[in-house]
Amino acid sequence: MTARSPGDGESAAGTITLDACLRAGARRMAAARGSDMGEAMMEARLIAAHVTGLDAAGLMMNGADPVGEDVAAALQESFDRRARGEPVAYLTGERGFWEHRFLCRPGALIPRPDTEILVEWALELIPRSAPGYRVLDLGTGTGAIALSLSSARPDIDVFAVDRSPLALELARENVTFLRSQGARPDVAMWRGDWLSAVRPGSIDLLVGNPPYLAADDPHLSQGDLRFEPHEALVADEAGLGDYRRLLRSAYEVLRPGGVVLFEHGADQAEAVAVLMRDIGLEVIGTRRDLGGNPRVTAAGTARRRG
């Protein structure tokens, strides 16, 4: 890096300061991705916290300190990768979701705030006193849904399935990671194809965020989705294929009064509701995400209030 005079973000020795390094990285990321500087600066601080080991307060307190060549090089590499579109969660190796942080890496979808709507609704649906109550998370990925539910309700039995060995390995690592944060999740996990290994009449609540993008969806070539696993994003039948396959077996595995709770695309609420009705479920309702889009739909073997 070329040294400039003190007062221009440089220390007296001519090396770049942490603050100057963050500003330069944020400008580069904002210009490359077309984002505003506020968003880019927030991402720069998340990346810097990972690279330096400093928390938010530490970054502020050490902002005027010079950055060593090795740290500067590591920051520049990460900023460049983000400028090319690589997700921040993959660069830092984690993402906050619900009440905890989750390990993230290529091979599993990154947990998103919209999915917290599903977790919130699921916790409302679970009875206050629920001995023997069973929840199954379909396509668990990082384990964000299953581990959040188990951490919040240690009195229920939570299960999780995923066909991807990479995702399942990550979900199991997240059990240990959440325990290091003080949570006590207890989730039985296995590798499998949706409901193929589930006994009839054994589940009270089915939850999941199945693949729901059509193969030609333009979002697949935009943003973080370019780096996330294709098989966890795309389904046949214009994005509805996995819902149809899941729901064919859903009624059979549910106990009386059981509920299905699925996240879906913003324009798929009615189509998913139709598939639920087709197998004999009663639609409870649909809830909107943080952007106001219909995002999660519930249906049950008996009507419940949504």
(request) Verify side chain to side chain contact (heavy atoms under 4.5 Å, CB included) between Val88 and Arg82, making sure each step is shown before the conclusion. (result) CA-CA 7 Å; Val88 172; Arg82 180 56 181 157; 3.4 Å; yes
(message) salt bridge (charged side-chain N to carboxylate O under 4.0 Å, His left out) for Arg105 and Glu173? Distances and angles first, verdict last.
(response) CA-CA 12 Å; Arg105 60 172 175 260; Glu173 289 179 23; 2.8 Å; yes
(message) For Phe262 and Thr297: C-alpha separation, side-chain torsions, deciding distance, then whether side chain to side chain contact (heavy atoms under 4.5 Å, CB included) applies.
(response) CA-CA 6 Å; Phe262 283 158; Thr297 296; 5.9 Å; no
(request) Take Leu281 and Leu254, measure what side chain to side chain contact (heavy atoms under 4.5 Å, CB included) needs, and give me the verdict at the end. (result) CA-CA 11 Å; Leu281 295 175; Leu254 287 173; 4.2 Å; yes
(message) Applying salt bridge (charged side-chain N to carboxylate O under 4.0 Å, His left out) to Asp80 and Arg28, what does each step give before you reach the verdict?
(response) CA-CA 8 Å; Asp80 287 344; Arg28 187 158 65 252; 2.8 Å; yes
(request) Verify side chain to side chain contact (heavy atoms under 4.5 Å, CB included) between Leu46 and His50, making sure each step is shown before the conclusion. (result) CA-CA 6 Å; Leu46 289 172; His50 172 69; over 6 Å; no
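When every heavy atom of Ala298 is checked against every heavy atom of Leu261, the shortest pair comes out as CB-CD1, 3.5 Å. In this structure, Asp242 and Asp236 approach most closely via the heavy-atom pair N-OD1, 4.4 Å. Pairing each heavy atom of Leu205 with each of Ala122, the nearest pair is CD2-CB, 4.0 Å. Ala130 and Pro127 get closest at one heavy-atom pair: CB-O, 3.6 Å. Pairing each heavy atom of Arg84 with each of Arg226, the nearest pair is O-NH2, 3.8 Å. Pairing each heavy atom of Ala197 with each of Trp190, the nearest pair is CB-NE1, 4.0 Å.
Of the charged side-chain nitrogens involved, at least one lies within less than 4.0 Å of a carboxylate oxygen, so that Glu270 and Arg277 count as a salt-bridged pair. For Arg112 and Asp289, the salt-bridge test fails: no basic side-chain N is under 4.0 Å from an acidic carboxylate O.
Within the 4.5 Å cutoff, side-chain heavy atoms of Cys104 are placed close to those of Pro111. Residues Thr17 and Asp65 have side chains not in contact (no heavy-atom distance under 4.5 Å, counting atoms from C-beta outward). Residues Leu147 and Val175 meet the side-chain proximity criterion, which asks for heavy atoms closer than 4.5 Å. In this structure the side chain of Val260 reaches within 4.5 angstrom of the side chain of Leu247, judged on heavy atoms. Side-chain contact between Glu43 and Phe79: absent, with no pair of heavy atoms (C-beta onward) separated by less than 4.5 Å. The closest side-chain heavy-atom distance from Glu39 to Met29 is not below 4.5 Å. Side-chain contact between Ser148 and Glu99 is absent, with no heavy atoms from C-beta onward closer than 4.5 Å. Residues Ser151 and Leu178 meet the side-chain proximity criterion, which asks for heavy atoms closer than 4.5 Å.
Atom CZ of Phe97 sits about 11.5 Å away from atom CG of Asn174, to the nearest 0.5 Å. Separating the CG atom in Leu118 from the CZ atom in Arg295 is a distance of 11.5 Å, to the nearest 0.5 Å. Between Asp137 atom CG and Leu206 atom CG the span is 10.0 Å, to the nearest 0.5 Å. Interatomic distance, OG of Ser150 versus CG of Asp157, reported as 9.0 Å (0.5 Å rounding). If you take CG on Asn293 and CD on Gln268, they are separated by 12.0 Å, rounding to the nearest 0.5 Å.
Put simply, the side chain of Arg172 gets close to the backbone of Met189: a donor and an acceptor are under 3.5 Å apart. Checking side-chain atoms of Ser35 against main-chain N and O of Ala40 turns up no donor-acceptor pair under 3.5 Å. When atom types are taken as modelled, the side chain of Glu263 and the backbone of Val296 share no donor-acceptor pair closer than 3.5 angstrom. Side-chain N or O atoms of Asp162 include one that pairs as donor or acceptor with a backbone N or O of Thr140 at under 3.5 Å. Judged by distance alone, with hydrogens and angles left aside, the side-chain atoms of Ser78 form no donor-acceptor pair with the main-chain N or O of Leu75 at under 3.5 Å. Checked by atom type and distance alone, the side chain of Asp204 never pairs as donor or acceptor with a backbone atom of Val135 at under 3.5 Å. Checking side-chain atoms of Arg45 against main-chain N and O of Leu59 turns up no donor-acceptor pair under 3.5 Å. Judged by distance alone, with hydrogens and angles left aside, the side-chain atoms of Asp217 form no donor-acceptor pair with the main-chain N or O of Leu213 at under 3.5 Å. Remark: side-chain polar atoms of Ser221 are paired, donor with acceptor, to backbone N or O of Pro218 under 3.5 angstrom. Arg134 places no side-chain N or O within donor-acceptor distance of the main-chain N or O of Phe159, the cut-off being under 3.5 Å.
The local environment of CE in Met37 is crowded, with over 12 non-hydrogen atoms from other residues, nucleotides or ligands closer than 6.0 Å. Around atom CD of Gln222, more than 12 heavy atoms belonging to other residues, nucleotides or ligands sit under 6.0 Å away.
Under the 4.5 Å side-chain contact rule for hydrophobic residues, Ile110 and Leu220 do not share a cluster. Under the 4.5 Å side-chain heavy-atom criterion for ILVMFWY residues, a single connected hydrophobic cluster contains both Tyr133 and Leu123. Cluster membership for Leu168 and Leu103, using ILVMFWY side-chain heavy atoms within less than 4.5 angstrom, is not shared. Transitive grouping of hydrophobic side chains (ILVMFWY, heavy atoms separated by less than 4.5 Å) keeps Leu109 and Phe177 in distinct clusters. There is no path of hydrophobic side-chain contacts, each under 4.5 Å, that joins Phe227 to Leu233.
Both tests pass for Arg287 against the ring of Trp121: distance under 6.0 Å to the centre and angle within 45° of the axis.
Below 30°, between 30° and 60°, or above 60°: for Tyr212 and Tyr243 the angle between ring planes is below 30°, a parallel geometry.
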